[in-house]
Amino acid sequence: MQLDYPFHIGGRDRTASTSEADHIRDLIEQILFTTPGERVNRPDFGAGVLQFVFGPNSPEKAAATQFMIQGALQQHLGSRVGIEEVIAEAIDARLIIKIAYRLTSTDVLVTETFEREGAV
C-alpha cells in the first residue's frame, strides 16, 4: 500500500493508504499541477501546467504543452508508467488534460482526465 494524496488520517486513526494504481494517479496529479521551483529540495519537480491556462490558444501552444507534460511524466515516473497519449486543452480559464498511460507493474492501460481552474 502507498500513502494517499492529499495526506489525511484514515478510518483506523492511521495515515491513509491507497492502491498502487491510485497512488500513480495521485503522483501524476502532483507532477502536473506543481510548478518547477515550488518544492524546496526538488527544484526540477513538476510540470507547471497552470501557466498555460491564460493567453491565446494555438496549435503550437497545445503541442508544446503536451510535449512538456509528457517529458515531466517520463522524467519523474518513467520507471512506473509508459505514457501512451497526452491531450491538453485550455477552455476559458479551465485546463483539461487527458492522459493515457500503461502501468509497468501490471501492463494495464489507464486513461485519466485532470481539470483545474486557472488562478486569477
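Owing to the predicted nature of the structure, the values given are computational and were not obtained by experimental measurement.
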Participant: Measure the spacing between CZ of R102 and CG of D107 and express it to the nearest 0.5 Å.
Facilitator: 5.0 Å
Participant: What's the spacing between E115 CD and K98 NZ if we round to 0.5 Å?
Facilitator: 8.5 Å
Participant: Is a donor on one side and an acceptor on the other found under 3.5 Å between the side chain of T104 and the backbone of S79?
Facilitator: yes
Participant: Taking all non-hydrogen atoms of both residues into account, name the closest pair between T113 and R25 and its distance.
Facilitator: O-NH2, 3.6 Å
Participant: Decide yes or no for E20 and L103: does some side-chain heavy atom of the first lie under 4.5 Å from some side-chain heavy atom of the second?
Facilitator: no
Participant: Do L77 and Y101 pass the side chain to side chain contact (heavy atoms under 4.5 Å, CB included) test, and can you show the C-alpha distance, the side-chain angles, and the key distance before you say yes or no?
Facilitator: CA-CA 11 Å; L77 294 177; Y101 58 94; over 6 Å; no
Participant: How far apart are the C-alpha atoms of R80 and I24, what are their side-chain angles, what is the distance that settles it, and do they pass the side chain to side chain contact (heavy atoms under 4.5 Å, CB included) test?
Facilitator: CA-CA 8 Å; R80 298 174 89 173; I24 295 290; 3.6 Å; yes
Participant: CD of E85 to CG of L109: how many Å apart, nearest 0.5 Å?
Facilitator: 9.5 Å
Participant: Any idea which heavy atoms bring G46 and A72 closest together, and the distance?
Facilitator: O-CB, 4.2 Å
Participant: For F33, check ring pair (Phe, Tyr, Trp, His ring centres under 6.0 Å) against everything at least two apart and list the hits.
Facilitator: none
Participant: With a cut-off of 3.5 Å and sequence neighbours excluded, list every side-chain donor-acceptor pair involving residues 34-41.
Facilitator:
residue: T34; atom: OG1; partner: Q30; partner atom: O; Å: 2.5
residue: E38; atom: OE1; partner: T35; partner atom: N; Å: 3.0
residue: R39; atom: NH2; partner: Q30; partner atom: OE1; Å: 3.1

Participant: Assess whether side chain to side chain contact (heavy atoms under 4.5 Å, CB included) is satisfied between I31 and L73, documenting all intermediate values.
Facilitator: CA-CA 7 Å; I31 291 168; L73 293 175; 4.0 Å; yes
Participant: Which residues pass the ring pair (Phe, Tyr, Trp, His ring centres under 6.0 Å) test with H76, sequence neighbours left out?
Facilitator: F45
Participant: Quick check on side-chain contact (heavy atoms from CB on, under 4.5 Å): which of I69, I99, V49 does F114 satisfy it with?
Facilitator: I99
Participant: So which of L95, T65, I96, I97 actually passes side-chain contact (heavy atoms from CB on, under 4.5 Å) with E89?
Facilitator: I96
